[in-house]
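Read the structure below first, then the notes.
The model shown is predicted, which means the values in this text are computed figures rather than measured ones. Order of the sequence lines fixes the chain letters, A, B, ..., with proteins taken first and strands second; residue numbering starts at 1 for each chain.
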2 protein chains.
Amino acid sequence: MVERDLFQPSTADIRLSDVLAAFADPVRLEVVRLIDGLGAGEDGDGTPCSQYGDMLGIHKSTVSHHLKVLREAGVTRTRVQGRNRLVQLRRADLDVRFPGLVDVVLNAAAEADAKAGAEAAAAS
Amino acid sequence: MVERDLFQPSTADIRLSDVLAAFADPVRLEVVRLIDGLGAGEDGDGTPCSQYGDMLGIHKSTVSHHLKVLREAGVTRTRVQGRNRLVQLRRADLDVRFPGLVDVVLNAAAEADAKAGAEAAAAS
DNA sequence: CGCATTGTTTGACAGTCATCAAACCGAATC
DNA sequence: GATTCGGTTTGATGACTGTCAAACAATGCG
């Protein structure tokens, strides 16, 4: 079984504006949260990205586009394994470069989510 | 002397994607850093935003546009005082909504800046 | 009042972006 | 070898963005 990595910027070359732009799109932020959620607690065998499209209700080519943006921004690493792509967050690398950023953004996203959920519940 | 505030979203209405998008533009991030730097340690009398254009070498209408984006994203507050606009960071509000975000981003920007400066020095 | 100052608004322009659909491609499976 | 499966690439489309320039608006000053 062939296994290789798709190109990604080296840690030193990750640019803040690219990372922020990558996080700025709501769909992409959801993708990141999914990657983070699914990647954690696993044995390293991530979920194939085909799932993301189904979960978010977007076309597979759109998912592919977003994953490319994330990877080229330095947010994710993509391993090619057979015909699947296993995507992981580059947490450690990002933390070296921009300490705390990923945590803060993911927490903020989670909180915004909780708030939206609470409002929806209150409205029903 | 007339003094009033321009419209801005209430703290609860600040959206993460808007804030991240606001920070994602390099020029705008520089503006934010200038606002943060100039706003601190002053008696409340901020620098009129005309200065930002000169410092960054961009047209005054472009500055106006960026300040509008920042204000509408909830990142800044703008007081109209005479014919000047005094702009401040809404640090406290942002920290309530997205704890740590502003600090992390500004630190990351400062670090990226220092790195770029060091590289430039090494290259010379 | 007339004029200068400060900033906003509008219009134009070029570039980018998110999205889908369809074609394509490499790897696994039959 | 043909087919299927997971994903990428290309093309098209509509929306948005950053920038400047010029016109406009509002305020303070002589």
note: A:Ile58, atom CD1; C:dC17, atom C1'; distance rounded to Å ~ 14 Å

Hits for side chain to side chain donor-acceptor pair (under 3.5 Å) against A:Asp54, two or more places apart or cross-chain, chain-then-number order -> none

Under the 3.5 angstrom rule, does the side chain of B:Arg97 hit a backbone N or O of B:Ala12 as a donor-acceptor pair? yes

Considering residues, nucleotides and ligands other than B:Arg91, do more than 12 of their heavy atoms fall under 6.0 Å from its CZ? yes

Checking side-chain contact (heavy atoms from CB on, under 4.5 Å) between B:Val105 and each of B:Leu101, B:Asn107, B:Val102, which is the one that passes? B:Leu101

Please report, rounded to the nearest Å, how far the C1' atom of C:dT5 is from the CD atom of B:Gln81. 15 Å

Side-chain touch A:Leu16/B:Leu29, heavy atoms, less than 4.5 angstrom: yes

Of the listed nucleotides D:dG6, D:dG28, C:dT8, the one nearest the side chain of B:Arg83: D:dG28

Spell out, as yes or no, whether a donor-acceptor pair under 3.5 Å connects the side chain of A:Arg71 to the backbone of A:Thr78. no

Between C:dT10 atom P and B:Lys60 atom NZ, what is the distance in whole Å? 15 Å

Spacing of A:His59 atom NE2 relative to D:dT9 atom P, expressed in whole Å: 15 Å

A:Arg15 CZ: over 12 foreign heavy atoms closer than 6.0 Å: no

Which whole-number value in Å describes the distance from A:Tyr52 OH to D:dG7 P? 9 Å

What distance do B:Thr76 atom OG1 and B:Leu94 atom CG have between them, rounded to the nearest 0.5 Å? 9.0 Å

If I take atom CZ in residue B:Arg79 and atom C1' in nucleotide C:dT6, what distance separates them, rounded to the nearest angstrom? 16 Å

The correct set of residues in residues 61-78 of chain B placing a heavy atom under 4.0 Å from DNA chain D is B:Ser61, B:Thr62, B:His65, B:His66

Do B:Leu34 and B:Leu56 have side-chain heavy atoms sitting under 4.5 Å apart? yes

Let's see if you get this right: which residues in residues 20-30 of chain A place a heavy atom under 4.0 Å from DNA chain C? A:Asp25, A:Val27, A:Arg28

Distance, rounded to the nearest Å, where A:Asp18 contributes CG and C:dT16 contributes P: 13 Å

